[in-house]
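In this text the structure is predicted, and so the values were computed from the model without any measurement.
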Amino acid sequence: MRFPLKVQLVDSLAEFGRTRSLVVAGLLTGAAVIIDRLFTFEVSPVLEIGFAFLATALCAALCGPWVAGTAGVAVDLLSYFLRPNGAFFFGFTFNQFLLGFIYGLWFYKRRPRPLLAVGACLTVTLVINFVLTPLWLHIMYGQAFVIFSSVKIVKNIIKLPIDAALLYGTLKAAGRARNRAAA
C-alpha cells in the first residue's frame, strides 16, 4: 500500500504532461494577475488585501500542487512587473509557489468541503502570513523579526473565515460547472 500523500505528489507531477492542465494553469495565471491588479487593496506599505489566491487555489484543485506552485511563481513575477510594489524579493515568489502547493495538497483530486477550505486557509495563514512573510520583511528591511503585529493579527483573524468561505464557494461552483460540462 502506498502513502496517499506520496501518490498525490507523484500523480500531480504527471499534470505537467497534460495539455489541458497547462492551458488551465495559464488561463488561471492570467486571471490571478488580473485579479491581483484590479482587486488588491493596499492598506499600508506592508499590508495588502487581495483575492488572487482564489485563482491559484482553483488551479491547485484542477492541476495539482506542482503545477499550481509553478503557476504561483508566474503570477508573482507577472504581477510584480505589471504593478511593482517595493523592491523585488525572491522570498515572496517562494511564498506564491508555496501558496499554490499548499492549496494543491488540500484540494487536488478531492471534493471541496468547508473544513478543507478552513484547514487550507489556516495553513496558509500560519505558514506564509505569520512565519515566512515576517521573515522576508526582516531580511529585506532589517527590522526586528516580529511574527505578530496587531494589524496583521486582526487582518488575518477577520480575513480567515471570509477567505475560507470564498474559497469553498469558488471550488464548489467550479465543481458544479465541471459536472455540467461533463454531462
query: Rounded to the nearest 0.5 Å, what separation is found between the OH atom of Tyr108 and the SG atom of Cys63?
result: 8.0 Å

- prompt: Looking only at heavy atoms, which two atoms of Val67 and Ala25 are closest? And how far apart?
  reply: CG1-CB, 3.6 Å

task: Go through the structure and list residues passing side chain to side chain contact (heavy atoms under 4.5 Å, CB included) with Arg111, not counting sequence neighbours.
output: Arg113

query: Do the side chains of Leu54 and Leu78 join up, straight or via other hydrophobic residues, at under 4.5 Å, putting them in one cluster?
result: no

field: Check: Leu82 and Arg37 side chains under 4.5 Å, non-hydrogen atoms
entry: yes

Side chain to side chain contact (heavy atoms under 4.5 Å, CB included) between Ile128 and Phe53, intermediate numbers included: CA-CA 13 Å; Ile128 295 175; Phe53 76 94; over 6 Å; no

- request: Taking all heavy atoms of Gly100 and all of Thr56, pick out the closest pair and write down the distance.
  value: CA-CG2, 3.6 Å

- prompt: How far does CG of Asp11 sit from NZ of Lys109, to the nearest 0.5 angstrom?
  reply: 4.0 Å

Ring center gap for Phe94 and Phe90 short of 6.0 angstrom: no

task: Would you mind listing every side-chain hydrogen bond (donor to acceptor under 3.5 Å, both in side chains) that reaches into residues 160-176, with sequence neighbours excluded?
output: Lys159-Asp163

- prompt: Do you reckon Ile139 sits in the same ILVMFWY cluster as Leu98, going by side-chain contacts under 4.5 Å, direct or chained?
  reply: yes

statement: By salt bridge (charged side-chain N to carboxylate O under 4.0 Å, His left out), Arg18 pairs with (sequence neighbours left out) Glu15

task: Report yes or no: do Leu77 and Phe97 belong to one cluster of Ile/Leu/Val/Met/Phe/Trp/Tyr joined by side chain heavy-atom distances under 4.5 Å?
output: yes

task: Name all pairs fulfilling the side-chain hydrogen bond (donor to acceptor under 3.5 Å, both in side chains) condition that reach into residues 67-79, sequence neighbours left out, sorted by first residue then second.
output: Asp36-Ser79, Asp76-Thr93

task: Check the angle between the aromatic planes of Trp136 and Phe89 and answer parallel, tilted or perpendicular using the 30° and 60° thresholds.
output: tilted

query: So how far is it from Ile157 CD1 to Leu160 CG, rounded to the nearest 0.5 Å?
result: 9.0 Å

Can I get a per-line list of side-chain donor-acceptor pairs under 3.5 Å for residues 119-126, giving both atom names and the distance, sequence neighbours left out?
| from | atom 1 | to | atom 2 | distance (Å) |
| --- | --- | --- | --- | --- |
| Thr123 | OG1 | Trp106 | NE1 | 3.4 |
| Thr123 | OG1 | Gly119 | O | 2.8 |
| Thr125 | OG1 | Cys121 | O | 2.8 |

message: Taking the ring centre of each residue, are Trp66 and Phe16 less than 6.0 Å apart?
response: no

- line: Closest heavy-atom pair, Ile35 versus Ala52, reported as atoms and distance to 0.1 Å, is CG2-N, 3.5 Å

message: I need the Ile153 CD1 to Ile158 CD1 distance, nearest 0.5 Å.
response: 12.0 Å

message: Under the criterion side chain to side chain contact (heavy atoms under 4.5 Å, CB included), I'd like the reasoning laid out for Ile49 against Thr40: C-alpha separation, chi angles, the key distance, then a yes or no.
response: CA-CA 6 Å; Ile49 296 175; Thr40 296; over 6 Å; no

- prompt: Closest approach of Ala60 and Ala68, non-hydrogen atoms and distance?
  reply: CA-CB, 3.4 Å

- line: Heavy atoms of Leu171 and Ala57 approach each other most closely as CD2-O, 4.1 Å

- prompt: With hydrophobic residues grouped by side-chain heavy-atom distances under 4.5 Å, do Leu166 and Val118 end up in a single group?
  reply: no

- prompt: Between Phe39 and Leu58, is there a shared hydrophobic cluster once you connect ILVMFWY residues whose side-chain heavy atoms come closer than 4.5 Å?
  reply: yes

field: Validation row: Pro65, Leu9 side chains within 4.5 angstrom (heavy atoms)
entry: yes

statement: Residues Arg20 and Leu62: closest non-hydrogen pair is NH2-O, 3.8 Å

- prompt: So how far is it from Leu105 CG to Arg110 CZ, rounded to the nearest 0.5 Å?
  reply: 8.0 Å

- request: Just jot down the ring pair (Phe, Tyr, Trp, His ring centres under 6.0 Å) partners of Tyr80, sequence neighbours excluded, or say none.
  value: Phe88

